Number of protein chains: 2
Amino acid sequence: MEAEKIYREILRKRNLRSTRHRTAILAELEKSRFPVSAEDLFINLKEKNISISMSTVYRVLDTLVENGLVIQSNLPGANKAVYEVNKKEHHHHLICIKCRNMFSVEGCPLSEYEKSLENRFGFSVKGHTLKIFGYCNECNKV
Amino acid sequence: MEAEKIYREILRKRNLRSTRHRTAILAELEKSRFPVSAEDLFINLKEKNISISMSTVYRVLDTLVENGLVIQSNLPGANKAVYEVNKKEHHHHLICIKCRNMFSVEGCPLSEYEKSLENRFGFSVKGHTLKIFGYCNECNKV
DNA sequence: CTATCTGCAAACTTTTTGCACTTAA
DNA sequence: TTAAGTGCAAAAAGTTTGCAGATAG
């Protein structure tokens with residue numbers, strides 16, 4: 001149960017109570033290769049015989065998002081949110097328009113661009129999201 | 001009624017019937033400085049005494065999106081979609097986290113980056129969305 | 001012990017759908 | 001004339017909330 005200790009630690013740092021559900025959801029997000037919806041989480045936890053309700057899933061996700069542990073985003077066309085752990089390394093997403101999987105890529109080519117926006121428009125940049133759409137390596141093969 | 005002719009033309013090119021509602025929604029989107037929700041459109045049209053129902057707004061938006069005339073997107077945290085005309089010039093969005101307005105910026109710094117993704121991951125890029133969050137010029141002044 | 005978390009059921013918001021009627025071409 | 005568009009009301013899908021009971025610290 002090393003992993004569980006880590007989550008308790010993370011939560012404690014933010015003055016958040018560490019509950020069975022919060023650690024379970026963090027663990028679940030941590031091990032997922034790509035962002036998942038609230039319902040995905042609900043189903044995954046149920047499969048592990050963790051008893052939880054949708055309202056708790058949403059409430060836990062809300063607190064985790066508010067505390068910067070989790071990132072919430074929306075795919076165009078899908079009218080539900082997806083969630084992923086906030087890896088502190090800034091990253092972006094490759095989204096396959098065939099299999100709908102979402103992959104993370106580290107690194108970011110935008111810092112120069114952001115500076116230019118501040119100069120041109122007086123817009124002070126606090127962050128950004130970049131999503132790249134296309135066909136993933138697997139789907140290209142087919 | 002020059003403008004109306006233009007929309008009829010645009011629709012005809014795609015083999016879409018030109019209806020009062022389609023041209024009205026296109027016109028509405030065209031003149032909006034930033035993306036609007038289905039409900040915004042509904043209200044704006046009602047204010048102009050154009051009789052329309054929400055289902056028609058959604059159905060019209062769906063066809064316009066399918067035919068590439070309109071772009072649909074979702075802001076994280078807001079659980080509703082927003083729509084804008086698809087200006088063929090590729091552009092990005094500045095989103096003010098205070099006043100929530102969304103501004104368009106032309107130009108794009110990402111073509112080199114996209115090539116590198118194709119090389120590194122075998123991911124064939126078909127498009128991307130970039131949203132920049134921060135404080136707009138107005139909100140910075142306050 | 002007590003503030004916080006949780007489950008349930010109900011409410012709310014956004015979007016979709018079936019069907020009868022209307023309209024563009 | 002007729003295939004496509006529309007309004008209405010109802011349903012679906014996603015998310016939020018109030019409240020009574022459970023739990024972490």
Side-chain angles (χ1 to χ4, degrees), chain A residues 1 4-5 7-26 28 35-46 49-67 69-70 72-83, chain B residues 1 4-5 7-26 28 35-46 49-67 69-83 100:
Chain A
M1 291 293 118
E4 196 167 304
K5 260 188 195 160
Y7 302 124
R8 297 178 71 85
E9 194 55 31
I10 291 172
L11 291 168
R12 203 156 52 79
K13 259 186 210 152
R14 312 264 171 166
N15 291 315
L16 294 175
R17 285 194 183 175
S18 119
T19 67
R20 203 166 28 105
H21 291 143
R22 284 181 181 165
T23 54
I25 284 178
L26 273 177
E28 201 60 35
V36 293
S37 68
E39 196 187 7
D40 294 337
L41 283 170
F42 178 74
I43 292 170
N44 295 345
L45 295 174
K46 283 288 185 191
N49 293 312
I50 295 174
S51 140
I52 194 170
S53 68
M54 280 301 289
S55 33
T56 301
V57 174
Y58 280 112
R59 281 192 275 226
V60 167
L61 287 171
D62 282 353
T63 24
L64 297 181
V65 169
E66 273 166 26
N67 285 274
L69 297 176
V70 164
Q72 172 180 11
S73 50
N74 296 72
L75 300 188
N79 45 15
K80 62 182 170 184
V82 291
Y83 302 83
Chain B
M1 290 292 120
E4 196 166 303
K5 262 191 196 158
Y7 302 125
R8 296 178 72 86
E9 195 55 32
I10 291 171
L11 290 167
R12 204 156 53 80
K13 259 187 210 152
R14 313 262 170 168
N15 291 315
L16 294 175
R17 285 193 183 174
S18 117
T19 67
R20 206 166 26 106
H21 291 143
R22 285 182 180 164
T23 53
I25 285 178
L26 273 178
E28 200 60 36
V36 294
S37 69
E39 197 188 5
D40 294 338
L41 283 170
F42 179 75
I43 292 170
N44 294 345
L45 294 174
K46 282 289 186 191
N49 293 311
I50 294 175
S51 139
I52 195 170
S53 69
M54 279 302 288
S55 34
T56 300
V57 174
Y58 279 112
R59 283 192 275 226
V60 167
L61 287 171
D62 282 352
T63 25
L64 297 180
V65 169
E66 272 165 28
N67 285 275
L69 298 177
V70 163
I71 295 171
Q72 170 179 12
S73 50
N74 296 71
L75 300 188
N79 45 13
K80 62 181 169 184
V82 290
Y83 302 84
R100 290 250 120 196

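By convention in this document, chain letters (A, B, ...) are assigned in the order of the sequence lines, proteins followed by strands, and residues within each chain are numbered from 1. Note that this is a predicted model, so its numbers are computed, not measured.
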Using atom CD1 of A/Ile25 as one end and atom C1' of C/dC5 as the other, report the distance to the nearest whole Å. 12 Å
In terms of heavy-atom contacts, does CZ of B/Arg14 have more than 12 from other residues, nucleotides or ligands at under 6.0 Å? yes
In short, B/Val57 meets B/Ile25 closest at the heavy-atom pair CA-CD1, 4.1 Å
Does the C/dC5 base have a donor-acceptor partner in the side chain of A/Thr56 within less than 3.5 Å? no
Derivation of the side-chain contact (heavy atoms from CB on, under 4.5 Å) call for B/Leu11 and B/Leu69: CA-CA 9 Å; B/Leu11 290 167; B/Leu69 298 177; 4.2 Å; yes
I'd like to know whether A/Arg17 forms a side-chain contact (heavy atoms from CB on, under 4.5 Å) with A/Arg22, so could you lay out the CA-CA distance, the side-chain angles of the two residues, the decisive distance to 0.1 Å, and finally the verdict. CA-CA 9 Å; A/Arg17 285 194 183 175; A/Arg22 284 181 181 165; 4.0 Å; yes
Candidate pair B/Val82 and B/Asp40, rule side-chain contact (heavy atoms from CB on, under 4.5 Å), full reasoning: CA-CA 9 Å; B/Val82 290; B/Asp40 294 338; 5.7 Å; no
Heavy-atom closest contact (B/Ser51 atom, B/Arg20 atom, distance): O-NH1, 4.1 Å
To the nearest Å, give me how far apart CE (A/Met54) and P (D/dA13) are. 13 Å
Can you tell me the distance, in whole Å, between the NZ atom of B/Lys46 and the P atom of D/dT6? 13 Å
Interatomic distance, CG@B/Asn79 vs CD@A/Gln72, rounded to 0.5 Å, equals 8.5 Å
Closest-nucleotide ordering on DNA chain C, the 5'-leading residue of B/Glu39 and A/Ser51: A/Ser51
Starting at CG of A/Asp40 and ending at P of D/dA13, how long is that distance when rounded to a whole Å? 15 Å
Could you give the distance from CZ (A/Arg59) to CG (A/Leu64), rounded to the nearest 0.5 Å? 14.0 Å
Distance col, row A/Phe42:CZ vs A/Tyr58:OH, nearest 0.5 angstrom, shows 10.5 Å
Let's see if you can work this out: which of C/dT15, C/dA9, D/dT15 has an atom nearest to the side-chain heavy atoms of B/Lys80? C/dT15
Distance test, side-chain N/O of A/Tyr58 to OP1/OP2 of D/dT15, below 4.0 Å: yes
Whole angstroms only, please: what is the CG-C1' distance between B/Leu75 and C/dT14? 15 Å
If a protein heavy atom is under 4.0 Å from the base, mark B; if only from the sugar-phosphate, S; if neither, -; do that for nucleotides 20-25 of chain D going 5' to 3'. ---BBS
Residues within residues 59-67 of chain B bordering DNA chain D, heavy-atom distance below 4.0 Å: B/Arg59, B/Val60
Can you name the nearest heavy-atom pair linking A/Asn74 to B/Leu75, along with the distance? OD1-O, 3.6 Å
Please report the end-to-end axis angle for the helix from C/dC1-D/dG25 to C/dA25-D/dT1, five pairs per end, rounded to 10 degrees. 40°
Just compare D/dT15, C/dA9, D/dG14 and give me whichever is closest to any side-chain atom of A/Asn79. D/dG14
Check whether any side-chain nitrogen or oxygen of A/His21 sits under 4.0 Å from OP1 or OP2 of C/dC5, and answer yes or no. no
A/Ser37 near the nucleic acid: base, sugar-phosphate alone, or nothing, with a heavy-atom cut-off under 4.0 Å? nothing
If you compare all heavy atoms of A/Ser18 against all heavy atoms of A/Thr23, which two are closest, and at what distance to 0.1 Å? OG-CG2, 4.3 Å
First locate atom NE2 of A/His21, then atom CD1 of A/Ile52, and finally report the distance between them rounded to the nearest 0.5 Å. 4.0 Å
Specify the separation, in whole Å, of atom CD1 of A/Ile43 and atom P of D/dA13. 13 Å
I need the CZ-P distance between B/Phe42 and D/dT6, as an integer number of Å. 14 Å
